[in-house]
Amino acid sequence: HGTTEAEAARQIADAGVDVLVDLQGLTNGARPGILGHRPAPIQVGYLGLPATSALPGVDWILADDFVLPPEMEPYYTEKPIRLAGCYQVSDRQRPMAQVPTRAQCGLPEQGFVYCSFNNNFKFTEPVFASWMRILKSVPGSVLWLLADNAWAQENMLRQADLQGVARERLIFAPRVMPHEYVARFGAADLFLDTFPYNAGTTANDVLFAGTPLLTRSGKTYISRMAGSLLTAVGLPDLITTTLEEYEQRAVQLGNQPARVASYKRYLAEHGRSSPLFDIPAIVRDIEREFERLALQARAAS
């Protein structure tokens, strides 16, 4: 914060950095002007802005074939660095508490539990209305949500009223420590993703905890994040592409708990050994691509 963009760029260049990775893009607190000085021969956007930045100093973006399909490349100012598995690096050693009981979570002992612990600002009116229709189509089901703030919570309850869904079928969970938060997912049956802003790290936590996730994928990077994770973990059949298909699948699964139990068994047996959580392989993939680009840049200079 105490350094000008030109000074920061000079320090990076003087240090001989070959590959500069920007983790902020155009998000709050970003310093895109530093990249505009082009202090490194290879400059890459990653994670912080899950989209094209249109920044003249960012030439590359880390991606995979699902999150950035080839037909979408013309709409990006960056060229993709395509990883073999999933674009997202995760922590397979994150702490996780014991899975709480439903009673401890304030959930009913019987009935299907949908959940969505995404930030409330990701909830759109069409998706929330779809969730209400899903609840009405699955008797005894509930929707478990994050208690983000009192205003959002009351607005959601009012929407439930308008949709004819009893308020007690929306259950709000307060924020807890990370290891307890990850464990909570084990008490739910199915995580319902948001659209067009998918779950990213939250989707990773859900799958790490062994709970299946239903997503809708669109055309943008940000609307394909959860689909990328599901592909890497081996559950591509939980990816939908329209609101109607998403809603139909959610209702189908809510009425077929045995099928959901089979997804949980699969994740328990194979989830953490899948390519999604093979972090050494992902690291080697990124290192190999960075080295290749850096050597090309040196040869060209």
Side-chain angles (χ1 to χ4, degrees), residues 50-51 63-72 75 85-88 112-139 141-146 159 163 165 185 188-267 270-271 274-276:
D64 59 57
D65 288 340
F66 187 93
V67 81
L68 203 175
E71 62 269 23
M72 291 295 111
Y75 305 101
C86 179
Y87 79 97
Q88 190 186 91
F112 197 87
V113 177
Y114 296 101
C115 80
S116 188
F117 287 166
N118 279 336
N119 285 312
N120 292 174
F121 61 73
K122 291 186 178 183
F123 298 177
T124 61
E125 188 174 359
V127 170
F128 194 83
S130 175
W131 290 349
M132 297 302 99
R133 291 192 296 270
I134 291 166
L135 289 180
K136 288 195 287 187
S137 300
V138 181
S141 62
V142 297
L143 178 58
W144 198 16
L145 301 163
L146 179 67
Q159 284 298 312
Q163 298 281 346
V165 174
F185 289 116
D189 292 305
L190 180 68
F191 184 94
L192 295 176
D193 198 14
T194 44
F195 182 90
Y197 193 163
N198 279 180
T201 54
T202 303
N204 196 299
D205 288 334
V206 174
L207 296 171
F208 183 81
T211 296
L213 175 151
L214 179 67
T215 193
R216 176 188 170 191
S217 295
K219 294 181 179 180
T220 59
Y221 195 117
I222 210 166
S223 69
R224 299 180 67 82
M225 297 189 297
S228 171
L229 272 64
L230 284 168
T231 300
V233 85
L235 292 177
D237 53 321
L238 289 174
I239 303 168
T240 64
T241 56
T242 67
L243 185 62
E244 293 74 21
E245 184 188 9
Y246 170 89
E247 187 175 320
Q248 183 183 45
R249 189 76 53 82
V251 171
Q252 184 182 57
L253 292 172
N255 287 318
Q256 296 178 354
R259 186 174 171 188
V260 173
S262 71
Y263 284 133
K264 285 201 166 192
R265 282 195 301 273
Y266 170 83
L267 287 170
H270 306 289
S274 71
L276 177 60

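- Rounding to the nearest 0.5 angstrom, the gap separating the CG atom in Leu192 from the SG atom in Cys115 is 7.5 Å.
- Centroid-to-centroid, the aromatic rings of Phe195 and Tyr197 stay 6.0 Å apart or farther.
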Between Ser116 and Asp193, is a side chain to side chain contact (heavy atoms under 4.5 Å, CB included) present by the stated rule, with each step listed? CA-CA 7 Å; Ser116 188; Asp193 198 14; over 6 Å; no

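- Nearest heavy-atom pair across Asn255 and Ser137 is ND2-O, 3.6 Å.
- Between Arg133 and Pro126, the shortest heavy-atom distance links the atoms NH2-O, 4.5 Å.
- To the nearest 0.5 Å, the span separating CH2 on Trp131 from OG on Ser141 amounts to 13.5 Å.
- No more than 12 heavy atoms of other residues, nucleotides or ligands sit less than 6.0 Å from atom CD of Gln248.
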Decide yes or no on side chain to side chain contact (heavy atoms under 4.5 Å, CB included) for Leu190 and Leu213, but give the supporting numbers first. CA-CA 6 Å; Leu190 180 68; Leu213 175 151; 5.8 Å; no

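- Pairs passing the ring-ring contact (aromatic ring centres under 6.0 Å, His included) check and including a residue from residues 214-255, sequence neighbours excluded, read Tyr87-Tyr221.
- For the pair Asp64 (side chain) and Val67 (backbone), a donor-acceptor distance under 3.5 Å is present.
- Here Leu229 contributes atom CG and Cys86 contributes atom SG; the two are 4.0 Å apart, rounded to the nearest 0.5 Å.
- Between Leu143 and Met132 there is a side-chain heavy-atom pair separated by less than 4.5 Å.
- Remark: Phe121 CZ is packed, more than 12 non-hydrogen atoms of other residues, nucleotides or ligands lying under 6.0 Å away.
- The backbone N or O of Lys219 sits nowhere less than 3.5 Å from a side-chain atom of Arg224 that would complete a donor-acceptor pair.
- For Gly254 against Pro257, the heavy-atom pair with the smallest separation is O-CD, 4.1 Å.
- From Phe66, atom CZ reaches atom CG of Leu68 across 11.5 Å, with rounding to the nearest 0.5 Å.
- Between the OG1 atom in Thr215 and the CZ atom in Phe191 there is a gap of 9.0 Å [rounded to 0.5 Å].
- A donor and an acceptor atom, one from each side chain of Ser223 and Asn198, are nowhere located under 3.5 Å apart.
- Annotation: side chain of Leu243 is in contact with side chain of Arg216 (closest heavy-atom distance under 4.5 Å).
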Derivation of the side chain to side chain contact (heavy atoms under 4.5 Å, CB included) call for Phe208 and Leu276: CA-CA 9 Å; Phe208 183 81; Leu276 177 60; over 6 Å; no

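- Using a 4.5 Å cut-off on side-chain heavy atoms (C-beta onward), Leu253 and Asp189 make no contact.
- Between Gln88 and Met225, the closest side-chain pair of non-hydrogen atoms is not below 4.5 Å.
- No donor-acceptor distance shorter than 3.5 angstrom exists from the side chain of Tyr114 to the backbone of Ala188, with no hydrogens or angles considered.
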What's the verdict on ring pair (Phe, Tyr, Trp, His ring centres under 6.0 Å) for Phe185 and Phe117, showing C-alpha distance, side-chain angles and the deciding distance? CA-CA 9 Å; Phe185 289 116; Phe117 287 166; 5.4 Å; yes

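- The heavy-atom pair separating Ile134 from Ala250 by the smallest distance is CD1-CB, 3.5 Å.
- In plain terms, the two heavy atoms of Asn118 and Ala199 that are nearest each other are OD1-CB, 3.2 Å.
- Distance CZ/Phe123 to CD/Gln159: 13.0 Å, rounded to 0.5 Å.
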For Thr124 and Thr194, run side chain to side chain contact (heavy atoms under 4.5 Å, CB included): C-alpha distance rounded to whole Å, both residues' side-chain angles, the deciding distance at 0.1 Å, then the answer. CA-CA 8 Å; Thr124 61; Thr194 44; over 6 Å; no

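- In this structure, Leu230 and Pro236 have side chains that are not in contact, with every pair of non-hydrogen atoms separated by 4.5 Å or more.
- Proximity of a side-chain donor or acceptor of Lys136 to a complementary backbone N or O of Gln163 within less than 3.5 Å is detected.
- Leu267 places none of its side-chain heavy atoms less than 4.5 Å from the side chain of Thr211.
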Go through Asp237 and Tyr263 one step at a time and tell me if the side-chain hydrogen bond (donor to acceptor under 3.5 Å, both in side chains) criterion holds. CA-CA 11 Å; Asp237 53 321; Tyr263 284 133; 2.5 Å; yes

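- Shown here for Gly227 and Ser217, the closest heavy-atom pair between the two residues is CA-OG, 4.0 Å.
- Using a 4.5 Å cut-off on side-chain heavy atoms (C-beta onward), Arg259 and Gln252 make contact.
- Around the CD atom of Glu125, the shell of radius 6.0 Å holds no more than 12 heavy atoms that belong to other residues, nucleotides or ligands.
- Annotation: side chain of Leu214 is in contact with side chain of Thr240 (closest heavy-atom distance under 4.5 Å).
- Residues that satisfy the side chain to side chain contact (heavy atoms under 4.5 Å, CB included) test with Thr242, not counting sequence neighbours, are Glu244, Glu245.
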